[in-house]
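Read the structure below first, then the notes.
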Amino acid sequence: MLSIPWENLYFNVVFEDGFAVRSFFSEIPAFKTEYIQFKEQLEDYFSGKKVELDIPAKLNVSPFVRRVLEEVSKIPYGKTATYSDIAQKLKTSPRAVGQAVKRNPVPVIIPCHRVVAKNGLGGYTTSVLNPKVSLKIKEKLLSLEGSGISF
DNA sequence: TACACGACCTGCG
DNA sequence: CGCAGGTCGTGTA
């Protein structure tokens, strides 16, 4: 487990057998951070260094969601893709993609914040926080990566 | 099986 | 602008 401070929040990750299984944002640190392998990598990321996160995750999701998240993982640091881009690659619909990324158990580690709507930002519902705050997080993650998005 | 519901998109007025 | 209609995987019953 670990909790890393960022902005006025904390980013928390749950590990099992060396795999990330769940991550979320919270106002209060959810865990007492023990030493783990990926702490420094994440701290670098949140401090604004351009690091491609490389953290193994164990996903307990449907085959379809897995395929979508697989595509999402390919979006490079600082870039974005639209829901319909991904839909086209997987021969499905943008809405189905939206549902799939919504079920991403490990936000940030699988960069679902890089998936945006064609006209706008799209949504973001990870964490225990309310939707408005969540969306703010998405925006800040994108600007942290310097995606050059202005809304 | 059936149905309602999206972190969407497109076309029409 | 607004809005209907299309889309397709999921959860629930």
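Numbered from 1 within each chain, the chains take letters A, B, ... in sequence-line order. Just so you know, these numbers come straight off a predicted model, no measurement behind them.
Residue contacts shown for A:Val115 are absent, as no nucleic acid heavy atom lies under 4.0 Å away. At the heavy-atom level, A:Tyr124 lies under 4.0 Å from base atoms of the strands shown. Nucleic acid contact class of A:Ser84 (heavy atoms, under 4.0 Å, all strands): sugar-phosphate only. Backbone-only contact: A:Ser62 has heavy atoms under 4.0 Å from sugar-phosphate atoms and none from a base.
The side-chain hydrogen bond (donor to acceptor under 3.5 Å, both in side chains) check on A:Lys140 picks up A:Glu7, with sequence neighbours excluded. When the side-chain hydrogen bond (donor to acceptor under 3.5 Å, both in side chains) test is applied to A:Ser47, no partner is found at least two apart in sequence or on another chain. Partners of A:Arg95 according to the side-chain hydrogen bond (donor to acceptor under 3.5 Å, both in side chains) rule, which considers only residues two or more places apart in sequence or in another chain, do not exist here. In terms of the side-chain hydrogen bond (donor to acceptor under 3.5 Å, both in side chains) criterion, residue partners of A:Ser26 (sequence neighbours excluded) are, by chain and number, A:Asn12. In terms of the ring pair (Phe, Tyr, Trp, His ring centres under 6.0 Å) criterion, residue partners of A:Phe46 (sequence neighbours excluded) are, by chain and number, A:Trp6, A:Phe11. For A:Tyr10, there are no ring pair (Phe, Tyr, Trp, His ring centres under 6.0 Å) partners, not counting sequence neighbours.
One atom, CG of A:Leu142, and another, P of B:dA7, lie 18 Å apart when rounded to the nearest Å. Here the P atom of nucleotide B:dA7 and the CD atom of A:Glu139 are 18 Å apart, to the nearest Å. For the pair A:Leu69 CG and B:dA7 C1', the computed distance is 13 Å after rounding to whole Å. Protein atom NZ of A:Lys118 is 7 Å distant from nucleotide atom C1' of B:dC9, rounded to whole Å. Here B:dA7 presents its P atom at 15 Å from CG of A:Asn130, a figure rounded to the nearest Å. In this structure, A:Asn104 atom CG and B:dA7 atom C1' are separated by 11 Å, rounded to whole Å.
For residues 74-127 of chain A, there are no ring pair (Phe, Tyr, Trp, His ring centres under 6.0 Å) pairs, not counting sequence neighbours.
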Mind listing the N/O atom pairs, protein and nucleotides 11-13 of chain B, below 3.5 Å?
none

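The OG1 atom of A:Thr126 lies 12.5 Å from the CG atom of A:Leu135; values are rounded to the nearest 0.5 Å. The line from CG of A:Leu53 to CZ of A:Phe38 is 10.5 Å long, rounded to the nearest 0.5 Å. To the nearest 0.5 angstrom, A:Arg22 atom CZ is 14.0 Å from A:Leu59 atom CG. In this structure, the separation between CD on A:Glu43 and CG on A:Leu2 is 8.0 Å, given to the nearest 0.5 Å.
The stretch residues 91-102 of chain A touches DNA chain B through A:Pro94, A:Arg95, A:Gly98, A:Gln99, A:Val101, A:Lys102, each having a heavy atom under 4.0 angstrom from the strand. At a non-hydrogen distance threshold of 4.0 Å, nothing from residues 19-27 of chain A comes into contact with DNA chain C.
Taking all atoms of both residues into account, the shortest heavy-atom contact from A:Ser93 to A:Ala87 is C-CB, 3.5 Å. Looking at every heavy atom in both residues, A:Ala30 comes nearest to A:Ser3 through N-OG, 3.4 Å.
A salt bridge links A:Lys74 to A:Glu71: at least one charged side-chain nitrogen sits closer than 4.0 Å to a carboxylate oxygen.
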Checklist outcome for this item: Note, DNA chain C 5' to 3' with Watson-Crick or G-U pairs under 3.5 Å encoded as ( ), [ ], | and . gives ||||||.||||||
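For the side chain to side chain contact (heavy atoms under 4.5 Å, CB included) with A:Val115, the qualifying choice from A:Ile75, A:Val68, A:Thr82 is A:Ile75, the only one to do so.
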Item to check | Pair A:Arg114-A:Glu145, salt bridge (charged side-chain N to carboxylate O under 4.0 Å, His left out): steps then yes or no | outcome: CA-CA 10 Å; A:Arg114 297 183 190 145; A:Glu145 298 187 2; 2.9 Å; yes
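Taking every nucleotide of DNA chain C with any atom under 4.0 Å from a non-hydrogen atom of chain A, the first and last of them, 5' to 3', are C:dG6 to C:dG11.
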